[in-house]
Amino acid sequence: MATKTTTVLDARAVERTLKRMSVEIVELNKGTDDLIVVGIQRRGVQLADRLVKMIEGGEGVTVPQGSLDITLYRDDLQTVGPRPVVGPTYLPWDLDAKHVVIVDDVFINRGGRELPIHADVVGKKVEVGEDERVDVMVAELDERTEVVIVPKSAA
Amino acid sequence: MTGTLGKDLLGLESLTGEQIRLILDTAEPFKEISERAIKKVPALRGSTIVNLFFENSTRTRISFEFAEKRLSADTVNVSATGSSVSKGETLVDTARNLEAMRIDMVVIRHSASGAAKFLADRIQSNVINAGDGTHEHPTQGLLDILTLRDRFGDLKGRRVCICGDILHSRVARSNIWGLTKLGAEVAVCGPRSLLPNAIDEFGVKIFDRVEEAIEWAEALNVLRLQFERMTAGYIPSAREYNRVFGISRERLDRAQRDILILHPGPMNRGVEIDSDVADGPHSVILDQVTNGVAVRMAVLYLLAGGKPELAEAAKGGSSRRRKEKE
C-alpha cells in the first residue's frame, strides 16, 4: 500500500522534458509546416502553451495553438458524480491535411493504458501501482510545476 | 442528488444565484458546438427525452430539440392535438405511460401554472419546465440573462426594465427572479391593467410611463401582448397601446444612452415594438435565439448527470476522473 508522495519530476526537470519534447515534435514533423498544437483541457492547455513557446524559441515560428475539452465525448459521463465543468474548445481551423499534435497532461506514459492510444512523444515513462496515481501540476493552475506519484486515497 | 441542480428545472424562483451562474457558465462552451460544421457531441448518447407540448410553440420546441439532438439524445415530440390527450387522458396518465417506456427526461409546456411541478412530483424522470401557464419559463429567463451578460459582463447593478404585458407573462416572472438573484436592478413598465395586483411583492421598480422607463434603463426586455390569454378588455386597442407604450425609434432617440433591446418573440411588430427598433443596431433579439440553444444544452447536460451509485462502482479509474471533478 503506497502511503507517501514521490516526486517524479520537479519544475526544472519538467522544463527540460518539455524542451526535449518540443525538439522531437519538430523533428517528427520535419519542420513546423502544417503543424498545429492542441492542448486537452485542463493542464494539457498549459503544457501546449509552453511547447509552442519552446518551438518558437528554437525555430522562430509560432505554430497555431488550439484547445479541446473532451468531457462531452466521454463514455462514462453517466457515472461521474456531479457534472464536470466543461472548458472551452478552440479549434478555428480546417484540420484537413494538417499535422495535429495533441497534448495531454497524462503526458506521462503510465503503462497499463485503458485506451488504444499510443503517444509518439512521451515525457516520461513511470510504472504506477494499482493503488497509485500520477498527478501533473502546472504553475498556472496549481501554484507549482511538478509531477508526483500519490496514493489513490489522497484527496 | 443528481448534479448540482437537483432533479428538475421548474423555475428560477427556487434556484440560487450560484446555480443560475453554473447554468450560464456551462452554456458558454456549448455556444461553440453550434458553430461547428458537425454540430454534435455524444454527451447524452443513450438518453431518451420526451418533449411534451400541450401548448403551441415554435421557437422553444425547436430550440429544445436542437439542444437535445446536438447532445446526441434520442427525442420524441408529443403535442396535445393528435395524441391521447385529445381523447381526455390526464397529464399524469400520459406521463406515466411515457415513463413505462423507460424515458429519462420530460420537457413540458402546459397552459396550467404549476403543471411542470405537478408532473415532477409524480414521475422519476427529470422534468424541465418549458413554460407553465402564467407562472415561469425558466429557460427563456436564462437565455435572456445570458444575452444580457454577454453585453454587460457582470449584471450587478445593471438596470433592466421589462415592458408590456407582465400580468400574463411567465417570461417576466422568470426574468425578475433570475435577474434579481444576480444583483441586477429590475423594473417593470406597462398599463396598470396588465400588471399583477401583487407586483409590489416582487420588489421591483414600477414605471407607468414608458418614457420614464427608457430614461432609467440600460436594457429593455419588451414582452409580447398575449392576446390569446386576454379574457377581458385589458387595453382599448392594439393601436392605442402602440401609441402609449410601444417602443419606437423616436422614444429611444431621446434617451441619454444606447439601450439594449430584447424580445422573447414572437413579436407583434407595430404593437409593442416597432420594426426599426426590432431590426435596429441595439437589438439582440436574434442573439437571444442563438443563446437559447446553448442554455438548453447546459440545462440538459447538468440535469442528466451522474448517478451516484454508478460513480461509486466506477471509482478507481484514471487520475483524470478526479481532476475534472475539481
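Residue numbering restarts at 1 for every chain, and letters A, B, ... go by the order of the sequence lines. Being a predicted model, the structure only gives us computed values, none of them experimental.
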Name the member of B:V41, B:L71, B:D25 that forms the most heavy-atom pairs with chain A at distances under 4.5 Å.
B:V41
Just how far is it from atom CZ of B:F30 to atom CG of A:L72, taken to the nearest 0.5 Å?
4.5 Å
Heavy atoms from other residues, nucleotides or ligands near NZ of B:K31 exceed 12 (cutoff 6.0 Å)
yes
Above 12 or not: heavy atoms from other molecules or residues under 6.0 Å from CZ of B:F66?
no
What are the two closest non-hydrogen atoms of A:G87 and B:P29, and how far apart are they?
O-CB, 3.6 Å
Side chain / backbone / both / neither for B:E28 at chain A, heavy atoms under 4.5 Å:
neither
Heavy-atom distance under 4.5 Å to chain A: side chain of B:I33, backbone, both or neither?
side chain
